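The structure displayed is predicted, hence computed values, not measured ones. Below, read A as the first sequence line, B as the second, and so on, with proteins coming before strands; counting in each chain starts at 1.
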Amino acid sequence: MEEENKKGHFIESIIKQDLENNKNDGLVTTRFPPEPNGYLHIGHAKSICLNFNMAKQFNGTCNLRFDDSNPAKEKQIYIDSIKETVNWLGFDFKTPFFASDYFNDLYEFAIQLIRRGKAYVCNLSPEEMRQYRGTLTEKGENSPFRDRSVEDNLDLFNRMKNGEFKEGEVTLRAKIDMASPNINLRDPIIYRVKKATHPRTGDKWCIYPMYDFTHCLSDSLEGITHSLCSLEFEDHRPLYDWILDTLATPCHPQQIEFARMNINYTILSKRKLQLLVDQNKVSGWNDPRLPTLEGMRRRGYTPEAIRNFCNIIGVSKKDSRIDMGLLESCLRDDLNEKAPRVMGILKPLKVTIENYPEGKTENLSAMNHPQKEEMGKRPISFSKVIYVEQDDFMEDPPKKFFRLGLGREVRLRYAYLVTCTEVIKNAKGEVIELICTYDPQTKGGNAPDGRKVKGTIHWVDANNCLDAEVRLYDRLFKDENPEQGNQDFMENLNPDSLEILRSCKLETSLETANCKTIYQFERLGYFCQDSVDSQASNLVFNRTVTLRDAWAKIAKKQPPKKQVNPNKKSKK
RNA sequence: UGGGGCGUCGUCAAGUGGUAAGACACAGGGUUUUGAUCCCUGCAUUCAGAGGUUCGAGUCCUCUCGCCCCAGCCA
């Protein structure tokens, strides 16, 4: 269920008020403007949801517009990925817009600015430019080229366009105020020479407009009413407004800033994510541990869960760091509703049922969802030898441990009640097999005499199961805020963020699994087949998220009992 | 030391002068053939701090403190 935020956040209030005042003829048009220089992450999802939802809520439209004004960094593969991801998230855009489609208009606007005496070609080198700009506390100085005539500027700008200058040699600058306390207003560059091939315009241009010039005009050209962006652009708003006020433009959109998303134990910076990929700390942009939307998709996150999360966290101007637990809660919420249940054993422990007939196989019936009859049932095979989870047996169990132990009776889910009669160990003293007896009267799991068993555990038929690799993921970083202070976030990586289990046993119904279905492995968590590495001959499953685990909490509070699973290597 | 922002529960977040919503987390309890789900219950005498205005302040005023952003020919 996606929740509507009834009261509405501050941006919603602004839009409602604008509508009441008939500010834009009752229209609401927004845009999501990614630069195609990387892949989208969960932080972008917040902006996508905000922009598309505002448009939808007020019967408006939202444009997907690529802010592609820097060919040095942008690539077609990113454009493709972004389109695909926005669609996957569940948002429809007719045809994408591109700032590069406005290069001609933008060029004309620049000429208009020059004609109005509000822009000039400047020959200052990058270093000189920095010196003239001043500092945060000191005013800047006027460029010696500031007072060129309109004719000279027009000629020079034309020659810039024709490729007569090298990169860094000249720029076109807006003539505003070198003494402004806002550095963005100290004659900002609006065009620079860049001899790079653009993914869409090829080599048609060798000068490209800067963000501040491009963005506001693109917004205006598209009839955007509310231009929503993140907090760091607050200082740019005066420039956004100056350009639109100075030029003859179709309309003057309102820029509104909101706080970008942060989540603990991860990073949401394209640059830093890029470093993780480049230094092979992860397998790629779609590594399931990454907060990239492609990574999350591969891990098993659903668009519904992500959208709901974005709605729930709200929109404000406060710097915030959201608990990863909230994201996971949204995920479980969605998956609990739709994930079919199956059984799988991550760390197998062989169990032989001594009084079960040799060679016999039964087909038992299991529900695909305990609360949803309509999701149907499936057969699961049962025979003399099965596997259970190593964690579900303890030789010397602590109080409140409801699972298997010597002499204890538990229920095998959907099967029989079994009692452990013998523990077999290897030379090292590790438990390698359990001998149990079963009660034939308890088929399905209920005892005719009404006796109760506290524990129900999952199992898989050893003679009829699938072998699989299962990848368990944990938080990528050790610290809540990996970027805190001046510490290097790379040093903060959690060395245990990926655990690969290679001898997992899954029930046979998973043979026909596909990457689109997220399953619940009962009592363990949600899992999905890996879209990249899984093959029929070598099944690979990803753990999307664990189930809530009350036992883990109890066990933690339990008085220290040296009893550890003997099959595990003892840890320090 | 210039400019722009922000400070309400552990984390998000409502609140628009009339007596602190909700969610996650956490703590108890109930149901349960998943220690899951579900269902109850509890969880800010107080809104960064100090003054002031007012019958009444998280909301208005003043000062103080803390945090974030800005000196790319990146977006």
Side-chain angles (χ1 to χ4, degrees), chain A residues 3 5-9 13 33-35 37 67-70 72-74 122 124-126 129-130 133-140 167-173 180-186 188-194 208 210-212 214-215 229-238 257 259 264 270-271 312-330 332-333 336-337 341 343 366-367 369-371 400-403 411-415 417 444-446 453-458 480 520-525 546-555:
Chain A
E3 294 185 13
N5 196 337
K6 275 255 165 60
K7 314 243 164 119
H9 45 72
S13 307
E35 183 191 12
N37 67 343
D67 226 335
D68 57 346
S69 57
N70 184 0
K73 293 185 175 179
E74 297 147 8
C122 183
L124 252 26
S125 70
M129 185 94 64
R130 201 179 316 123
R133 189 155 37 223
T135 68
L136 293 177
T137 50
E138 295 164 299
K139 295 175 179 179
E167 284 188 23
E169 207 176 342
V170 289
T171 56
L172 181 70
R173 297 225 260 165
S180 172
N182 181 344
I183 293 181
N184 293 303
L185 262 21
R186 317 240 260 232
I189 294 171
I190 56 178
Y191 261 95
R192 79 290 213 184
V193 176
K194 225 170 235 304
Y208 292 91
M210 296 286 286
Y211 164 83
D212 286 305
T214 310
H215 205 88
C229 64
S230 44
L231 252 29
E232 68 265 32
F233 291 102
E234 272 175 320
D235 284 347
H236 294 244
R237 188 172 0 108
E257 311 84 8
N264 59 13
K270 266 193 215 173
R271 204 197 97 246
I312 275 178
I313 60 170
V315 179
S316 76
K317 299 190 72 159
K318 189 172 80 176
D319 288 317
S320 63
R321 170 160 247 99
I322 295 155
D323 195 331
M324 177 70 87
L326 182 57
L327 214 208
E328 295 183 339
S329 167
C330 291
R332 291 192 187 103
D333 221 45
N336 176 49
E337 288 296 313
R341 271 62 174 177
M343 290 199 286
M367 307 219 356
H369 193 297
Q371 280 83 35
K400 292 187 187 168
F401 183 82
F402 307 147
R403 285 112 96 147
R411 173 165 36 238
L412 295 178
R413 174 142 243 231
Y414 296 124
L417 261 35
N446 287 311
V453 282
K454 266 284 208 181
T456 300
I457 65 174
H458 58 104
E480 193 171 329
Q520 184 192 102
F521 287 10
E522 291 207 44
R523 305 211 307 131
L524 296 174
T546 61
L547 250 26
R548 257 191 209 90
D549 189 354
W551 167 242
K553 282 180 197 167
I554 297 168

Tell me the interatomic distance from [X], atom [atom1], to [N], atom [atom2], rounded to whole angstroms.
| X | N | atom1 | atom2 | result |
| --- | --- | --- | --- | --- |
| A:R237 | B:C70 | CZ | P | 17 Å |
| A:H236 | B:A75 | NE2 | C1' | 9 Å |
| A:R523 | B:G35 | CZ | C1' | 8 Å |
| A:E328 | B:U37 | CD | P | 13 Å |
| A:E74 | B:C74 | CD | C1' | 9 Å |
| A:F401 | B:G35 | CZ | C1' | 11 Å |
| A:Q371 | B:U31 | CD | C1' | 11 Å |
| A:L231 | B:C70 | CG | P | 11 Å |

Please confirm whether the shortest side-chain N or O distance from [X] to OP1 or OP2 of [N] is below 4.0 Å.
| X | N | value |
| --- | --- | --- |
| A:S69 | B:A75 | yes |
| A:S320 | B:C12 | no |
| A:R548 | B:A25 | yes |
| A:K318 | B:A13 | yes |
| A:K553 | B:C26 | yes |
| A:R192 | B:A75 | yes |
| A:R133 | B:G72 | yes |

_Side-chain donor/acceptor of A:R332 to base of B:U37, under 3.5 Å_ = no
*asked:* Between the base of B:U37 and the side chain of A:E337, is there a donor and acceptor pair under 3.5 angstrom?
replied: no
Expressed as a whole number of Å, how far does the [atom1] atom of [N] sit from that of [M]?
| N | M | atom1 | result |
| --- | --- | --- | --- |
| B:U19 | B:U54 | C1' | 14 Å |
| B:C69 | B:U64 | C1' | 22 Å |
| B:U8 | B:G49 | P | 10 Å |
| B:C39 | B:U59 | C1' | 37 Å |
| B:G35 | B:C65 | C1' | 47 Å |
| B:U45 | B:G58 | P | 13 Å |
| B:A13 | B:C6 | C1' | 15 Å |
| B:U31 | B:A20 | C1' | 34 Å |

*Do you know the tightest heavy-atom contact between A:R186 and A:T135?*
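Taking A:R186 first and A:T135 second, the nearest heavy atoms are NH2-O, 2.6 Å.
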_Exercise: identify the closest heavy-atom pair between A:E480 and A:R321_ =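 In this case the closest contact between A:E480 and A:R321 is O-NE, 3.7 Å.
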Between [options], which one does the side chain of [X] approach most closely?
| X | options | answer |
| --- | --- | --- |
| A:T137 | B:C74, B:G35, B:G2 | B:G2 |
| A:D235 | B:C69, B:C12, B:U34 | B:C69 |
| A:D319 | B:A75, B:G35, B:G5 | B:G5 |

*Taking for each residue the nucleotide of RNA chain B bearing the nearest heavy atom, is the 5' side occupied by A:V193 or by A:D549?*
A:D549
*Could you pick out which residue, A:F521 or A:L326, lies toward the 5' side of RNA chain B when each is mapped onto its nearest nucleotide?*
A:L326
*With the threshold set at 4.0 Å, does a side-chain nitrogen-carboxylate oxygen contact exist between A:E35 and A:K73?*
no
*With under 30° as parallel and over 60° as perpendicular, where do the rings of A:F233 and A:Y211 fit, or are they tilted in between?*
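If you compare the ring of A:F233 with that of A:Y211, the planes turn out tilted.
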*Complementary nucleotide of B:C55, counting Watson-Crick and G-U pairs under 3.5 Å*: B:G18
*With both distances under 3.5 Å as the test, what is the Watson-Crick or G-U wobble partner of B:C38?*
B:G30
*Check for a donor-acceptor pair, side chain of A:R192 on one end and backbone N or O of A:E167 on the other, with a separation under 3.5 Å.*
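Judged by distance alone, no pair lies under 3.5 Å.
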Using a heavy-atom cut-off of under 4.0 Å over every strand shown, decide if [X] touches base, sugar-phosphate, or nothing.
| X | value |
| --- | --- |
| A:Y208 | nothing |
| A:K194 | sugar-phosphate |
| A:S329 | sugar-phosphate |
| A:S180 | nothing |

*Please work out whether B:G72 sits syn or anti, treating a glycosidic angle within 90° of 0 as syn.*
syn
_A:W551-B:G35 aromatic stacking (under 5.5 Å, under 30°)_ =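 Yes; by the centre-distance and plane-angle rule, A:W551 counts as stacking on B:G35.
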